[in-house]
Amino acid sequence: MSIYPIKAIALNIIEFAFANKKDRGGKPYIEHLKRVSRNAKKYSDVDMLQDELEVIGLLHDLIEDCVEWDKKILNSVFRNALIIDAVERLTKSENVDYDTYIKNINNKRYARAVKLADLKDNMDLTRL
C-alpha cells in the first residue's frame, strides 16, 4: 500500500486544522509544518521510510496545538502505529517534564528526526 494517499490526508487535515493559525512572524503556521516535513529527511537514517517521515512532520504539532485532535481520532484516520507513536511522542503534555519528553522522542528515530527538523526550523530567524 502506498503512503501517498495518507500524505494527502495529512495535508488536508493540517490545512483545515491550522487554517487560521499564524507563526510568530505572522505567516501561515502550515508553512512551518511543511518545512519540517521536507527537512526531517536530513536527520533520518538511510533505511527510514521517507513518506512516513514526511507524514509525521506534517502532523507533529496537531495534537498539541489543535484541541479537537487526539491520539484516538488520529488512529481512527491513519491506523499506522509508527505514525501515531511518533506524533504522540512529539506532543508535549503539561504533566510530563521536558527531560522525559526529550528522552521519549530520542528513543524513536522517526520522532527524533522530526524533532531535530522542528528545532532547526524554530531557530531560523530568517523566517521571522
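Given the structure is predicted, the values throughout are model-derived calculations rather than measurements. When a residue number appears, it is its place in the shown sequence, counting from 1.
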So does I105 get a backbone contact from the side chain of R112, meaning a donor-acceptor N/O pair under 3.5 Å?
no

Is the backbone of D65 close enough, under 3.5 Å, to the side chain of D61 for a donor and an acceptor to pair up by distance?
no

For N107, I'd like to know if atom CG has over 12 heavy atoms of other residues, nucleotides or ligands within 6.0 Å.
yes

Can you confirm whether K41 is buried at NZ, in the sense that more than 12 heavy atoms of other residues, nucleotides or ligands lie under 6.0 Å from that atom?
no

Determine whether L74 and V77 satisfy the following criterion, side chain to side chain contact (heavy atoms under 4.5 Å, CB included), listing intermediate values before the conclusion.
CA-CA 5 Å; L74 206 59; V77 173; 5.6 Å; no

Ring pair (Phe, Tyr, Trp, His ring centres under 6.0 Å) with Y101: which residues, sequence neighbours excluded?
Y98

Tell me, please, which residues at least two apart from Y29 pass ring pair (Phe, Tyr, Trp, His ring centres under 6.0 Å).
F18, H32

Mind jotting down which residue pairs meet the salt bridge (charged side-chain N to carboxylate O under 4.0 Å, His left out) criterion with at least one end in residues 93-111? Sequence neighbours excluded, please.
D45-R109, D47-R109

Please round to the nearest 0.5 Å and tell me the distance separating atom [atom1] of [X] and atom [atom2] of [Y].
| X | Y | atom1 | atom2 | value |
| --- | --- | --- | --- | --- |
| S37 | I30 | OG | CD1 | 10.5 Å |
| I56 | L62 | CD1 | CG | 13.0 Å |
| D85 | K71 | CG | NZ | 7.0 Å |
| L58 | L33 | CG | CG | 7.0 Å |
| N106 | I102 | CG | CD1 | 8.0 Å |

Compare every heavy atom of A40 with every heavy atom of A113, then report the nearest pair and how far apart it is.
CB-O, 3.8 Å

Ignoring hydrogens, what is the shortest heavy-atom contact between V36 and A117? Give both atom names and the distance.
O-CB, 3.8 Å

Heavy-atom check, side chain of [X] versus side chain of [Y], under 4.5 Å:
| X | Y | answer |
| --- | --- | --- |
| I13 | W69 | yes |
| V55 | N80 | no |
| D118 | K115 | yes |
| K21 | C66 | yes |

Output all residues satisfying side-chain contact (heavy atoms from CB on, under 4.5 Å) with L49, sequence neighbours left out; order by chain, then residue number.
E52, Y110

Among residues at least two apart in sequence or on other chains, which ones pass side-chain contact (heavy atoms from CB on, under 4.5 Å) with T91?
I63, E64, V87

Less than 4.0 Å between a side-chain N and a carboxylate O, is that true for E54 and R38?
no

Is K120 paired with D124 through a side-chain N to carboxylate O contact shorter than 4.0 Å?
no

Check for me, please, whether I73 and L90 land in the same ILVMFWY cluster - side-chain distances under 4.5 Å, paths through other members count.
yes

Are L11 and F16 connected, step by step, through hydrophobic side chains (Ile, Leu, Val, Met, Phe, Trp, Tyr) whose heavy atoms are closer than 4.5 Å?
no

Tell me who clusters with L116, hydrophobic residues only, linked when side chains sit under 4.5 Å apart either directly or through other members.
Y43

